Amino acid sequence: MSKLANQPPPSDMDVDSADAADEKNLVRFSINVLELTRDAQMQHGLRHGDYARYRRYCTARLRRLYKSLKFLHGRGKYTKRNIIESTVKDVRFLHVVFYMAERAWSHAMEKKTAGPNAKQRIYMLGRFRKAVKWATLFSQLCSIKGDSRTSLEAEAYASYMNGTLLFEQEKNIEASMMNFKNTRTVYEELGKYGSIENQLLCRQRIEEVEPMIGFCSRKLGGSALQARDLLDMEKEGPAYDLFKAKIEAVLSETRSQQAASMTEFNWLGRRFPITSAKTRVAILKAQQLERDLSGAATESISADKKLATFDKLFSAYHDARGCIRNDLASAGNAENIRDDLNGLDKAVSAVLGLRTIERNQLLVSIAKSKFAKHPDDKNEKITKPEELVRLYDLAIQNTTDLTDLVSSGRDKNEEENSCVNEYELKGLAFRAERCFYLAKSYSSAGKRTEAYSLFCYARSLVDSALHQLANSLDKALIQDLKALSDNCRSNSCIEHATGIMEDETAPGKLSKGVSTMSLGDNKKKDNKYLIDMLGSYESALGEQHPKVPTHIAQFPPPFQSVPCNPIVLDMAYNIIEFPNLENRMKKEKKSILKRFWG
C-alpha cells in the first residue's frame, strides 16, 4: 500500500498518449454496402422478383454467421443477445445486423407483391418498421466501427429504408421524399469516385430512387414528373415493385375521371354508346397504349418493349369485352340495349383483331431481321424459313377472321367495305410471303423442282396483288410486293439453274458410283491411331475439321480372335466296371414292430 501511495499521479501527457494508443488500436471495418446488397439480391431471387427465396437466403446466411461467430441464443430456451458497440469485434457482426434488416424488408415486400388485405397490410408495415430498426442500428454501428465510406453508405441505406416505410404509410410524404433525396445525394457523391463498377451501381441506385422522388413530388403538388412519365421510365428492380401499385392506382383514378366524359366508341363510321364505367376505363387504357405504340418516339423503343405493350393492350381489350358480355347477360330482353352491346362487342373485337395483325407483323419483321444474318454471328439465333411460314399462317388466319367479322353485318357502310377489301389484299400479300418462304424451306432441303414451282406461284400471287393495288394509296405495301416479286424471279432462276446443273452432273456421279462398286469386302481406309505409332513420328490428327475426331486410340477396342478350349469326349466311362460298395453303406436298423409288419 505504501508503494502505491508513494507513486506520482499521471500527467496530462500520459493521458493523451494513452488516448492516442486506444485510437490507434481501434480497428475500422470496411463494407461496400451497395455492392453487398446488389450481389445478394441479384444472386438469390430478386433478379426474378422472388422475395420469398431472398428471405430464405437471408435466414440461412444469418444462421451461418451466428454459428461462425459463436453468437448463439441458448439451447432449448431462447436467450436474447443484443449487438452493441462493445460486441462488434468482427466485421461479421455488422453483416448480422445488415442481413436482419434485409430479411425483414424482403418479408414485407413479399407480402406487398402478393396483394395484401387489411390484416396482412398491418403485418407488412410491421415488417417495414423492423427493417427500419435494424437499418438504423446498422448505420449507428458503422458510424462508430466503420470507415468513412462505409458509414456514408450505411447512412444512405438507412435513409432508403426509412423513406420506404414512410412512403408505404402515406402519412408523411414530405419526410419520405427527404429521405429519398438524402439517399440520392449520397450516391451522387459516391458515384464520382471509385471503380467503374461502383459508379455504375451508384447510377443504377439513383435511377431507382428518382421515380419515387417524382411520385412524392406529384403527391405534394409540386412540379415533378407526371404519372405517365413515371411509367415510361425503366421499370426494373425492387424499388419499382414498391410504388408500381400506387402508380397504377393514380392512373386508374385519372382514367375514371376521363371516362366520365366518354360516352361513345367510334369505329368505321359507327358510334356505339358505352354505359358501363368499367368498360370505359378499360377502353381508355387500351387507347392510351395505342397512342404509345403509334407515337413519334416509337422508333427508339425496342421490340421487346413493344411486345410487352401489345400484351397490356390485349389485356385491356379483353377486360372490355368481358365487361360488355357481363352487361349482355344482365340486359334481359331489352332489344335496343342488346343491339348496342352486340355492336360494341363486335367493334372491340375488330379492333383487337387489327392490333393482333400488327403484333404479328412486328414478329415477322423481327424474324426477317434474323433470317438474313450470317450463320457465323455468335450469340444470335438464326431464323429458319419454317418459322416465318408459321408466322404467316397466323397472319393469314387473323386477316380471315377479321374480314369475316367485319363483313358479318347486314348493312355495311363504305368504310366497312373498304376495310374488308384492304385486309383481303393484305391476306393475299401474306399468302405470297408464305409461299416464298415455303419455297426457301424446300430449297434448303435440296428439292429444286418443288422450290422452283413455289417461287413461280408466289410471283403469280404477288402480280395478282399488285394488279389489285394499282389504285391504292398504300405505297409501303406496294414497294414490299415489288421487292418480293424481284426476289421470287431471281430465286426461281437460281433454282432452275441449280436443278439443271444437278441433272447434268447426276450421270457422272452415277457412273462413278457404279465403277467403284465391287463384290468383295468394302474395306474402308484404315485409320492410324497414335497408340499404334508410338515408335514413329507421324501425325495422327487426321483431317483438320471440327467434326472429325482425333485418332488417339480406338474405342471401343476391336474384337480379336482367341483360341477356344478343346472339346473332350469321355468314351471310356461306359465300359468301366466299378467295385461294389454296398458293404460300406450304413444299414438301417429296424425295430421289432417294423420287422413284424415288414
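All heavy atoms count here, side chains included; hydrogens, waters and symmetry mates do not. Remember, predicted model here, so these are calculated numbers, not experimental data.
- When all heavy atoms of Ala101 and Ala135 are compared, the closest pair comes out as CB-N, 3.8 Å.
- Closest approach of Gly427 and Ile396 over heavy atoms only: O-CG1, 4.3 Å.
- Ring orientation note: the planes of Tyr157 and Phe98 are tilted relative to one another, at an angle of 30° to 60°.
- Between Trp105 and Tyr51, the ring planes lie perpendicular to each other; the angle is over 60°, past the 30° to 60° tilted range.
- Between Tyr392 and Phe430, the ring-plane angle classifies as tilted under the 30° and 60° cut-offs.
- Taking a 6.0 Å sphere around CZ of Arg431, one finds it holds 12 or fewer heavy atoms contributed by other residues, nucleotides or ligands.
- Gln120 contributes atom CD, which lies 9.5 Å from atom CE of Met124 (distance to the nearest 0.5 angstrom).
- Listed for the Ser441 side chain is no donor-acceptor partner under 3.5 Å among the backbone atoms of Tyr437.
- Heavy atoms of other residues, nucleotides or ligands lying less than 6.0 angstrom from CZ of Phe559 number 12 at most.
- A salt bridge does not link Arg390 with Glu386: none of the charged nitrogens is closer than 4.0 Å to a carboxylate oxygen.
- Using a distance-only test at 3.5 Å, with no hydrogens or angles considered, no donor-acceptor pair links the side chain of Ser464 to the main chain of Ser460.
- Here the side chains of Gln554 and Ile531 are not in contact, with every heavy-atom distance at 4.5 Å or above.
- Taking the side chain as every heavy atom from C-beta outward, Thr383 and Ile366 never approach each other to under 4.5 Å.
- Counting only distance, with no hydrogens or angles, the side chain of Ser485 and the backbone of Leu481 share no donor-acceptor pair below 3.5 Å.
- A salt bridge is defined here as a Lys NZ or Arg NE, NH1 or NH2 lying under 4.0 Å from an Asp or Glu carboxylate O, and Arg355 with Glu358 meets this definition.
- Asp90 and Arg92 are joined by a salt bridge, as a carboxylate oxygen and a charged side-chain nitrogen come within less than 4.0 angstrom of each other.
- Ion pairing between a basic and an acidic side chain is recognised when a charged N comes within 4.0 Å of a carboxylate O; Glu35 and Arg38 show no such pairing.
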Fill in: Stepwise side chain to side chain donor-acceptor pair (under 3.5 Å) test for Thr37 and Glu102
CA-CA 9 Å; Thr37 307; Glu102 285 290 290; 5.1 Å; no
Residues Asp401, Gln397; criterion side chain to side chain donor-acceptor pair (under 3.5 Å); working and verdict: CA-CA 6 Å; Asp401 294 341; Gln397 183 62 41; 3.0 Å; yes
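- Between Phe310 and Phe314, the ring planes lie tilted relative to each other; the angle falls in the 30° to 60° range.
- No option in Tyr54, Trp134, Tyr123, Phe128 other than Tyr123 meets the ring pair (Phe, Tyr, Trp, His ring centres under 6.0 Å) test with His107.
- In this structure, Tyr66 and Arg63 have side chains that are not in contact, with every pair of non-hydrogen atoms separated by 4.5 Å or more.
- Inter-residue side-chain proximity for Glu153 and Ile31 is flagged as unmet; no heavy-atom pair is nearer than 4.5 Å.
- Counting non-hydrogen atoms of other residues, nucleotides and ligands closer than 6.0 Å to CZ of Arg81 gives a total above 12.
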Legend entry - side chain to side chain donor-acceptor pair (under 3.5 Å) between Asn398 and Arg359, intermediate numbers included: CA-CA 11 Å; Asn398 291 331; Arg359 180 181 181 273; over 6 Å; no
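- Closest of all the heavy-atom pairs between Asp39 and His44 is O-ND1, 4.4 Å.
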Exercise for the section: Start with the C-alpha distance between Lys145 and Phe93, add both sets of side-chain angles, then the distance that settles side chain to side chain contact (heavy atoms under 4.5 Å, CB included), and finish with yes or no. Expected result: CA-CA 11 Å; Lys145 294 290 186 177; Phe93 283 101; over 6 Å; no
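- Separating the CG atom in Leu352 from the OH atom in Tyr317 is a distance of 8.0 Å, to the nearest 0.5 Å.
- Comment: Lys368 engages Glu433 in a salt bridge, judged by a side-chain N to carboxylate O separation of less than 4.0 angstrom.
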